[in-house]
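So the structure is just underneath, and the comments pick up after that.
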Protein chains: 2
Amino acid sequence: MLLPSSVNTTMTQQSVLSELLDRLKSEPCSYLSGCDLQHEGDRPQNLYYIQSGWVYAYVMLADGQRQILYLYQPGDIAGLSDVGMDRISCSLVSLSDCVVHAIPMKHVVSSQVLTPGVSVHLLQKSAEVQSCLMRTLVAIGRMTARQRVVWLILMFQDKLHQRHMVANIVDVPFNQSELGDLIGLTNVSVSKVLCDLSNEGFIERKGSQIRLRRRSDLEEMIHYHAIRRLAPFRGKLESTSTY
Amino acid sequence: MLLPSSVNTTMTQQSVLSELLDRLKSEPCSYLSGCDLQHEGDRPQNLYYIQSGWVYAYVMLADGQRQILYLYQPGDIAGLSDVGMDRISCSLVSLSDCVVHAIPMKHVVSSQVLTPGVSVHLLQKSAEVQSCLMRTLVAIGRMTARQRVVWLILMFQDKLHQRHMVANIVDVPFNQSELGDLIGLTNVSVSKVLCDLSNEGFIERKGSQIRLRRRSDLEEMIHYHAIRRLAPFRGKLESTSTY
DNA sequence: CGCAGATTTGAAAATCGTCAAAAACCGTGG
DNA sequence: CCACGGTTTTTGACGATTTTCAAATCTGCG
């Protein structure tokens, strides 16, 4: 049992998934940092429930450029973009050592796996990714380099917020080349912007840590709004009535 | 009844949705071109099943710039990015006169609506959007203006392919400012690239129609691959067994 | 025909990328 | 504790691409 499961029919989102993994007798897989979980062009095999560590999705272009698409955290589900597709559209790589559960795609698409509880959870996770991709698209499509970097820092803080929220400090798990690949810039541009922001007193840097000195100013600079999720639904998702 | 429904338990994707709409007693709504279906910042109310016409999602920035995020076609479902969110992240506007079914979000998240068949369909539709957003992100983040325009034309042809595939002719439903807003460019840049492509014999233009004269050359120019979906699943999605 | 919106064109300006070298950082091993 | 090698970050000069701005042209339609 991976996650706490409630005793009555009132299920939390998390326990719904945990029961699913139990039912599938899914064994967790461990990966070292930098391992490929799936590669662009393969056939979709699994969804991946990230139990611990970080995984990111990316695409390589023919000229060697890379676009990083999404950073998956513990609790996230990778591979939802490939449901119903003939081929996988992006590669998945572990950014740190991590533990992952593979959920065979064929079960997702065709079987008894999809209780209403599981379905809602998957839909919400898919929505989360979609929502973040949309915001990224706005940033990359319509913001200057400086604005994009600020956006990325703020988004990182929100994303890592739940886990280790320590006094406006963000521990960024990427180097500057990777940061550039996240927001369509070069490492040189990222470096320049970070130095500028530091010189202007918006942030302080120490190693991979960024301390937001004036978060509200940064938010105002790009009119940033955090994504807010609804409190997880806690109704009787297991209801068996009338289909 | 909107869509043909099969008589036995073997359900097509489409008929699954059609039955859902029946069950919800959903009445279609008609919109004129240019109407808001939902606006950024509202609370999520509905999913929108597009029965006919076009709808697109976009975000406005504080400085008046716009990023268009996705073009929904008949059969698509808009609003999937807002499942489980506190606030809507993008506005929806009709690009042509259209007919739309609203599916109340509260039913999606909490009720008996989610049969396995409906769930799979929603997940696949969500995956489609996610996949397209990822490709857009790669284009905007890592391609030059010319490559982005070529990418957009090819993607449009694929997207409009199913319906009216007439001899490599794409009828683009956007003006050049909107095309720019789709791929993070200005109308001026779009104009220049289109003129160049025309002069170089890659395309012919007549009004809003673009004829691809050498599609394979264009594909090679940007190493384009079409998205391919699996043949729609036709198993017994209505199976009532063992959850 | 005339109008309004859309597209094209050109020149100037700004942004960002490229390239290359220097500096800083980090873990390892003496 | 220090030296070393490899990676990452910083810096500066230069160039290319794209935007901005403005004017001219084109198009569709009443």
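What you see below is based on every heavy atom in this structure, not just the backbone, and it leaves out hydrogens, waters and symmetry mates. Below, chains carry the letters A, B, ... as their sequence lines are ordered, and counting in each starts from 1.
- Direction of the helix axis in the helix from C:dC1-D:dG30 to C:dG30-D:dC1 shifts by 30° between the two five-pair termini, rounded to 10°.
- Applying the salt bridge (Lys or Arg N to Asp or Glu O under 4.0 Å) test to A:Arg205 and every residue at least two apart in sequence or in another chain returns nothing.
- For the residue pair A:Arg148 and A:Gly184, the shortest heavy atom distance occurs at NH1-O, 3.2 Å.
- The nearest whole Å value for the distance from the CG atom in B:Asp196 to the P atom in C:dG10 is 12 Å.
- The interatomic distance linking A:Asn175 (CG) with D:dT10 (P) rounds to 11 Å, in whole Å.
- If you run salt bridge (charged side-chain N to carboxylate O under 4.0 Å, His left out) between A:Asp158 and each of A:Arg215, A:Arg229, A:Arg135, only A:Arg215 comes through.
- In terms of position along DNA chain C, the nucleotide closest to A:Met143 lies nearer the 5' end than the nucleotide closest to the other residue of the pair A:Met143 and A:Val188.
- Nucleotide D:dT7 holds its C1' atom 18 Å from the CZ atom of A:Phe174, rounded to whole Å.
- Nearest approach of A:Cys132 to A:Met155, heavy atoms of both residues: SG-SD, 3.9 Å.
- Counting any heavy atom pair closer than 4.0 Å across all strands shown, A:Gly180 reaches no nucleic acid atom.
- Between A:Tyr48 and A:Tyr72, the distance separating the two ring centers is not shorter than 6.0 angstrom.
- Across all strands shown, B:Leu185 has heavy atoms under 4.0 Å from sugar-phosphate atoms exclusively, and none from any base.
- In this structure, the CD1 atom of B:Ile140 is 12 Å from the P atom of D:dT19, given to the nearest Å.
- Counting heavy atoms from C-beta on, the side chains of B:Arg142 and A:Asp181 come closer than 4.5 Å.
- Phosphate contact (OP1/OP2 of C:dT8, side-chain N/O of B:Gln176, threshold under 4.0 Å): present.
- Residues from residues 200-213 of chain A lying near DNA chain C, meaning a heavy-atom separation below 4.0 Å, are absent.
- Between B:Lys192 atom NZ and D:dT17 atom P there is a gap of 12 Å when expressed in whole angstrom units.
- In this structure, A:Gln147 atom CD and C:dC16 atom P are separated by 9 Å, rounded to whole Å.
- Map A:Asn199 and B:Arg146 each onto its nearest nucleotide of DNA chain D; the residue landing nearer the 5' end is A:Asn199.
- With rounding to whole Å, A:Arg66 atom CZ is found 15 Å from C:dG17 atom P.
- Distance check, rounded to the nearest 0.5 Å: OG of A:Ser30 to CD of A:Gln51 gives 8.5 Å.
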CA sep, side-chain torsions, deciding dist, call: A:Arg43, A:Asp86, salt bridge (Lys or Arg N to Asp or Glu O under 4.0 Å)
CA-CA 6 Å; A:Arg43 291 198 181 276; A:Asp86 180 45; 2.7 Å; yes
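- Nucleotide C:dC19 holds its C1' atom 11 Å from the CG atom of A:Asn187, rounded to whole Å.
- Mapped onto DNA chain C by nearest heavy atom, B:Ser191 and A:Thr186 fall at different nucleotides, with B:Ser191 at the one closer to the 5' end.
- Between A:His101 and A:Tyr49, the ring planes are tilted. Angles from 30° to 60° get that label.
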